[in-house]
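Convention: sequence-line order gives letters A, B, ...; per-chain numbering from 1. Since the model is a prediction, treat every value here as computed from it, not as a measurement.
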Amino acid sequence: MLCRAAAESQRSIFPIVYRRLLSGRRHSRPIDSLTTSIRPFPEYSPKKPSIHDADLVRSVVTALKQRRLEPASEVLGHFATGFRPDHLIWSLPNLRSDPDLALALLDWFRSCRGPVPAEALAIGAHLSVVSADLSGARRLLRDGLLSYRNFVGRVIYTYKYWSSTPAVYDLLFRAIVDINRLDEARALFRHLVTYGIIVSSDSCNALLARLTLDHLQSTFAEFQELGLRWDSKSHNILIHSLCCAGKTQEAHEVLLGMKGNADASPDVITFSTLIQGYCNEGELPRAMELFEEMSNKGLAANAFTYNSIITLLCKDGKLVDADRMFVEMLHRGVAPDRAIYTTLINGYSKIGNLNAVYRLVEEMKKSQLVPDAMTYTSVIYGLARSGKMAEANKMLQEMINRGWNPDEVTYTALIDGYGKEGKIKDAFYLHNEMLRAGYVPNVVTYTALADGLCKHGEVEAANELLHEVSGKGLELNEFTYNSLIYGLCKVGNIEQAVQIMVDMEAAGLRPDAYPYTTLMDAYCKSGNMDQAHNLLREMLDRGIQPTIVTFNVLMNGFCTAGLLEDGRRLLEWMVKKSIMPNTTTYNSLMKQYSMEKNMKTVTEIYKEMCSGGIMPDENTYNILITGHSKARNMKEACYFHCEMVSKGFSLRATSYNAYIKGLVRKKKFTEARGLFKEMRSRGFVSDRDIYNIFIDINYNEQNVEMTLELCDEAMQKCFQESEL
DNA sequence: TTAGGGTTAG
């Protein structure tokens, strides 16, 4: 008893805990400058017990205080039947100095008498806070909030007598936010201001993070008006929400407003969030400016910051720049993590560089980073996009073996791969598997399926499928409509394709450069250059920015129609307008000039392209080698062939045929024979006259076995070809 | 209670 009395006197104002709870401005604080408008907290005045009740209360309290190691149920057991909620309330003031005992009494009451009254829960929360049992306080507050309508009123009513600290209001506020009663949290903030209490910014941040942008902005302004000083984290939440809503400029203004705000200086997260916002909008220059600015301020970019920029570069197919950024990150000592690797793997997957994908996976494993479902999905996506379905399935198996479940994104990547290959049955089989696994195919899945059908001429089936799923409530998007437009164009139904673009607008989707380019391509391919031009004009009138693909479609149209002068004029115009032509643009022109046997102009264009810093691709080399071979410029053909091989590119069947014939013409039999062998080993079919040449050569060399083998092969392949 | 990575169209 003596010990308890001593403890009671020491704890009467709870000095240590109180000081700790108030330190560091992490908790609610009383307003001390607005004393005139502050109202006092209510006095605690429970009704008085009768003499009989007071006796019972005294007995219970004494039993509890005399308890040593026995459980409360043992010393209180025989009081259970007559002990009412009022007795509990009356007991608590006698246990004020010993929160542990008071809380034990609450537990005991709950276990044998049922729900603890609101007032007792509030008192329990105050006592828990005072004894620094914050999780205990949180539990009691949550219990109170979920069980009683005016529980907040009980907490306020008991606050003064039970000498809690303003920290209890942080916990109460947080508990209200946790159970998602956000309006009530805001009301509590306002109400507490009238008592001179301001909930901490830390707790208010929990609310901000759950609010929609509108409410977030109004709350931000209102609470500030009421005296809250928002911190960096609060501003970061606001900036993030603005960026998610596409209001990046407004978000940037928030960052500018933080300068000179002592409570909220911009930190790495502030900058990284805004950089991410600009990256999402494709605004690389703005993102890089901020990147520069943050490092000038001494804020070191981290893996998040780098990842946003690398993601944008990968999205734009700028893998060289993405890799440069990655190397810079390593030089600056920022350790790459799983997300960075996944971003890069996905970027290389998109452009079909599987060697890089495998290299990164290995690198990642060496760094002890475990690939997760997203990493595996990116690898599977890369393999499926490159048509390597067997390897994609192997990877899927590895993923499952490592404990990662494929989800709708993984399934969709595979479905798309099968669709692109025309293996529609396999695609639908996976779709069914996906349903069996409990995943709901989304619009991306159905677009992949429809696109597979469209690409292989089954536009009617695609239309039926989409009709069915949209009838079930699935909203089609721009991608879906464009697949259909492409499918209709492919089967020559441009009229209906145009109608689909009208339907698309009626469905509230604004056509962008994609459907226009698809339709322009169809008109170009049907020789209707005027209509293609009209569409370009319509696009420009509507403020729709054509892309390089749009111009390439036009270029290809001019070239295949033999309108080479128009093609060259388009190229000049593009350069003048700073629309950067790419390899495809030049390839179209070179191909047509080459077909017209004008290798002089082809060489001119090639030089122009290289001096403009545009790298030749596999297609370029095939055009150059075929053209030069046919023009009997074998020196040039050999030169480009060497260069092509050194870059890891390969010849196509038509290029092999032209090149081999050219070599034979120049009597370079060894080289020709080597290429013929290589061509056959790659499964290509040679022209009949090439077979004849090598049949003759082998016959003259008395190589009977080879002669017969080639005769056989020529009969089989060339006859099949000609029959087709 | 604040920031990043994976699926569809020309």
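In this structure, A:N442 reaches the bases: a heavy-atom distance under 4.0 Å links it to at least one base atom across the strands shown. Within the nucleic acid shown, A:K455 comes within 4.0 Å of sugar-phosphate atoms alone, with no base atom in reach, counting heavy atoms only.
The side chain of A:A513 lies closest to B:dG10 when the candidates are B:dT7, B:dG5, B:dG10. Closest to the A:A448 side chain, of the nucleotides B:dG6, B:dT8, B:dG10, is B:dT8. Considering only the side chain of A:Y514, B:dA9 comes nearest among B:dA9, B:dG6, B:dT2. Taking only side-chain atoms of A:I237, from C-beta outward, the nucleotide of B:dA3, B:dT2, B:dG6 with the closest atom is B:dT2. The A:T547 side chain lies nearest to B:dG10 when the options are B:dG5, B:dA9, B:dG10. Closest to the side chain of A:T311, out of B:dG5, B:dT1, B:dA9, is B:dG5. Checking B:dG10, B:dA9, B:dT1 against every side-chain atom of A:D416, the shortest atom distance belongs to B:dA9. Proximity note for A:Y486 (side chain, C-beta onward) versus B:dT2, B:dG6, B:dG10: the nearest is B:dG10. Comparing B:dG10, B:dG5, B:dG4 by their nearest atom to the side chain of A:I340 picks out B:dG4. With B:dG4, B:dG6, B:dG5 as the choices, the nucleotide that has an atom nearest any side-chain atom of A:A303 turns out to be B:dG4.
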Pair A:Y341-A:F326, ring-ring contact (aromatic ring centres under 6.0 Å, His included): steps then yes or no: CA-CA 10 Å; A:Y341 274 110; A:F326 179 63; 5.8 Å; yes
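Aromatic ring orientation, A:Y278 versus A:H252: perpendicular (interplanar angle above 60°, classes split at 30° and 60°).
Dashed line: the shortest gap from a side-chain N or O of A:K420 to OP1 or OP2 of B:dA9 is under 4.0 Å. Remark: A:K490 is not in phosphate contact with B:dG10, judged by side-chain N or O atoms under 4.0 Å from OP1 or OP2. Note on A:R385: a side-chain N or O is less than 4.0 Å away from OP1 or OP2 of B:dT8. Phosphate contact (OP1/OP2 of B:dA3, side-chain N/O of A:H240, threshold under 4.0 Å): present. A:Y411 has no side-chain polar atom (N or O) that falls below the 4.0 Å cut-off from OP1 or OP2 of B:dG6. The side chain of A:N346 contributes an N or O atom lying less than 4.0 Å from OP1 or OP2 of B:dT7.
B:dG5 atom P lies 21 Å from atom OH of A:Y376, rounded to whole Å. The distance between atom OH of A:Y418 and atom P of B:dT7, rounded to the nearest whole Å, is 19 Å. Taking atom CG on A:L182 and atom C1' on B:dT1, their separation rounds to 12 Å, with Å as the unit.
Donor-acceptor pairing under 3.5 Å, judged by distance alone, is present between the side chain of A:T375 and the base of B:dG5. No donor-acceptor contact under 3.5 Å links the side chain of A:N302 to the base of B:dG4. Residue side chain A:T377 reaches the base of B:dG6 through a donor-acceptor N/O pair under 3.5 Å, judged by distance alone.
When all heavy atoms of A:I548 and A:P581 are compared, the closest pair comes out as CD1-CA, 3.7 Å.
The distance between the ring centers of A:Y306 and A:F291 falls below 6.0 angstrom.
Atom CD of A:E475 has 12 or fewer neighbouring heavy atoms from other residues, nucleotides or ligands inside a 6.0 Å radius.
Screening A:T445, A:L414, A:T410 for a side-chain contact (heavy atoms from CB on, under 4.5 Å) involving A:M434 leaves a single residue, A:T445.
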